[in-house]
Amino acid sequence: DTAVSQTPKYLVTQMGNDKSIKCEQNLGHDTMYWYKQDSKKFLKIMFSYNNKELIINETVPNRFSPKSPDKAHLNLHINSLELGDSAVYFCASSQALRHPSYGYTFGSGTRLTVV
Amino acid sequence: GQNIDQPTEMTATEGAIVQINCTYQTSGFNGLFWYQQHAGEAPTFLSYNVLDGLEEKGRFSSFLSRSKGYSYLLLKELQMKDSASYLCACYYMEYGNKLVFGAGTILRVKS
């Protein structure tokens with residue numbers, strides 16, 4: 001049983017296209033996140049949702065739009081893809097916003113390559 | 001920002017002990033995590049410290065000093081499979097309750 005699953009695992013697309021990455025967790029967690037890991041392996045938070053409510057929205061271009069239809073799903077839609085968007089995108093979830101002691105559980109990542 | 005600093009790379013020998021240090025901004029700090037990430041894989045949870053002191057879990061131990069803004073991860077009896085990136089991450093409640101990662105330390109274990 002996969003705890004946090006993301007699809008697709010690999011995504012190669014041309015500049016200017018619009019693409020979506022889906023994430024689902026079956027852990028019963030209340031909070032979900034999107035992180036971006038660039039070529040230097042630096043993991044940076046993009047968004048977090050707690051029970052479908054947007055909590056964190058870092059300085060991310062408007063081309064990135066998260067959507068949480070329910071607390072088990074957090075999808076990421078990217079418009080007008082640019083070369084600089086190439087990275088690995090990780091979805092994660094945690095048990096509760098104010099009790100992080102169990103850590104975040106990460107999905108296996110989506111490697112996005114924009115050509 | 002929440003500056004989290006750790007060495008970029010370290011090399012150690014199989015069977016040895018290695019200590020990976022991490023310093024962080026203390027304002028708003030509410031806990032520190034260590035994650036392990038093998039190349040091409042997701043980060044996996046290793047440890048969590050919120051109070052001062054040492055937490056031991058098998059071959060891995062993590063230490064925290066809140067007053068000094070300092071932590072370390074200690075790996076004993078190194079094995080080749082321990083070659084990975086080790087990420088120090090801090091939980092900040094005054095910045096929207098978020099987990100902020102350092103750039104990671106690439107550990108290479110040689111035989």
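FYI, side chains are in, hydrogens and waters are out, and symmetry mates aren't considered; it's all heavy atoms of this structure. In what follows, every chain begins at residue 1, and chains take the letters A, B, ... in the order their sequences are listed.
The minimum heavy-atom distance linking A:Gly107 with B:Ala42 is given by the pair O-CB, 2.9 Å. Between A:Phe90 and B:Glu41, the shortest heavy-atom contact is CZ-O, 3.7 Å.
Heavy atoms of other residues, nucleotides or ligands lying less than 6.0 angstrom from CZ of B:Arg66 number more than 12. Counted within 6.0 Å of CD on A:Glu53, heavy atoms from surrounding residues, nucleotides or ligands total 12 or fewer; the atom is thus considered open. With a 6.0 Å radius and a threshold of 12 heavy atoms from other residues, nucleotides or ligands, B:Glu77 has its CD atom at or below the threshold. Counted within 6.0 Å of NZ on A:Lys22, heavy atoms from surrounding residues, nucleotides or ligands total 12 or fewer; the atom is thus considered open.
No side-chain donor-acceptor contact under 3.5 Å links A:Tyr104 to the backbone of B:Thr44.
Atoms OH and OG, on B:Tyr91 and A:Ser94 in that order, are 6.5 Å from each other to the nearest 0.5 Å.
Hydrophobic clustering (ILVMFWY, side-chain heavy atoms < 4.5 Å, transitive): A:Val114 and A:Tyr10 are in distinct clusters. Taking hydrophobic clusters as Ile, Leu, Val, Met, Phe, Trp and Tyr residues chained together by side-chain heavy-atom distances below 4.5 Å, B:Leu54 shares a cluster with B:Ile17.
Counting heavy-atom pairs closer than 4.5 Å to chain B, the top residue among A:Phe106, A:Tyr35, A:Phe42 is A:Phe106.
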Item to complete: Verify side-chain contact (heavy atoms from CB on, under 4.5 Å) between A:Ile45 and B:Leu99, making sure each step is shown before the conclusion.
Response: CA-CA 8 Å; A:Ile45 190 165; B:Leu99 192 61; over 6 Å; no
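Neither the backbone nor the side chain of B:Ile106 comes within less than 4.5 Å of any heavy atom in chain A.
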